[in-house]
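Working notes, structure below.
Counting convention: from 1, in listed order, for ligands and their atoms alike.
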Amino acid sequence: MNSLAGKTVFVAGHRGLVGSALKRRLRDEDCEILTATRAELDLRDQAAVRAWMRDRRPDAVFLAAAKVGGILANATYPADFLYENLMIEANVIEAAFREDVAKLLFLGSSCIYPKFAEQPIVESSLLTGSLEPTNEWYAVAKIAGIKLAQAYRQQHGRDFISAMPTNLYGPGDNFDLTSSHVLPALIRKAHEAKRDGAKEMVIWGTGSPRREFLHVDDCADACVHLMKTYSDAEHVNVGSGEDIAIYDLTRLVCDVVGFEGEIVRDPTKPDGTPRKLMSADKLRGLGWAPKVPLRHGIAATYAWFREHVADA
Ligand code: GFB
């Protein structure tokens, strides 16, 4: 599938961070975008997914629907993270097989890799060591998704591929402090600390873990690139190729937001995996590179937060 022009393309999870970015990106592709709200289609319901797919018969599927959350949400709701993600991916992939969907891209996460994987993490590190306990439930579900795509390729010759994005951020993210990922949490905390004239803002853990961040518009662009150019069993890392310590990220966010107070660490909160920088070599070799610099992406996300959350 080297072009999406004239095709019908189902974006599963179009209201999420990645799905909404995919919808924006696909407007340039001259394709018909299919979506379904949760009220219209519960992706955990096998019969409903089969019926929907039989009715719509898309040419291509971006499987961006998932139960997601930050380090605390993952550790607090292990059953939801494992069960819901297994159901969503099994139902969509199996229905795509039955209805002869020509191409499917499954989206996973960099947490699929072993906790102490050698850095930068190459794709072949999958299943070479134990997972990080704070997100193993989510990781196991995402590994199952990769394997499902591979299994349908191997047994039925289907062109199902997988992309593994790093920590993503951007407009439409979840800014709820109990369930969000770190970057939206820091934006909110710095904004509120500045607004309230606070002397300090608190970050979770030691601040020393390192994370790799990619703007979600870059991720969507990479996914479209893979949909059009990649056809193989192995998943592909989707990242920026650079990481940053959480403490330094906090300083950067504070700088963008304009909060000049103290940054205080809360060591009672988990650090999670010490580092998860993925190798970007494979995707670069496929002719794709990110465009959004981290500082610029944070500033744009902060502007979105102010308009849609803080000042709304
Ligand atoms: O983004 P995050 O929640 O998840 O946290 P992971 C990243 C790091 O930021 C951790 C620290 O070391 C957190 O302790 N951190 C500091 C904070 N302050 C905060 C804060 O206010 N909120 C949050 N959330 N973190 C997730 C996985 O892991 O990454 C998911 O749980 C998924 O399964 C996702 O894979 C991409 O990067 O540790």
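Listed by atom number, the atoms of ligand 1 under 4.0 Å from P209 heavy atoms are 12 (O).
At a heavy-atom cutoff of 4.0 Å, ligand 1 is contacted by the side chain of K189 but not by its backbone. Of all the heavy atoms of Y138, the ones lying under 4.0 Å from any atom of ligand 1 belong exclusively to the side chain. Within the 4.0 Å heavy-atom criterion, both parts of I203, backbone and side chain, lie near ligand 1. Here N135 has side-chain heavy atoms under 4.0 Å from ligand 1, and that is the only part of it that gets that close. With a 4.0 Å heavy-atom cut-off, ligand 1 is reached by no atom of A139.
For K67 and F81, the positive end sits near the middle of the six-membered ring, less than 6.0 Å away and at most 45° from its axis. Geometric assessment of R56 against the ring of F10 yields a negative cation-pi assignment under the 6.0 Å and 45° thresholds.
Between F305 and F175, the distance separating the two ring centers is shorter than 6.0 angstrom.
Looking only at heavy atoms of the protein, atom 10 (C) of ligand 1 is closest to D271 O, 3.3 Å.
Remark: ligand 1 and K276 share an N or O pair separated by less than 3.5 Å (distance only, no angle test).
Which of M201, R211, K67 comes nearest to atom 38 (O) of ligand 1 through a heavy atom is settled by distance: it is R211.
The shortest distance between side-chain heavy atoms of L277 and R210 does not fall below 4.5 Å.
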Stepwise, does the side chain to side chain contact (heavy atoms under 4.5 Å, CB included) test hold for M164 with V238?
-> CA-CA 6 Å; M164 293 308 114; V238 176; over 6 Å; no
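Nearest heavy-atom pair, G205 versus D271, reported as atom, atom and distance to 0.1 Å: CA-OD1, 3.3 Å.
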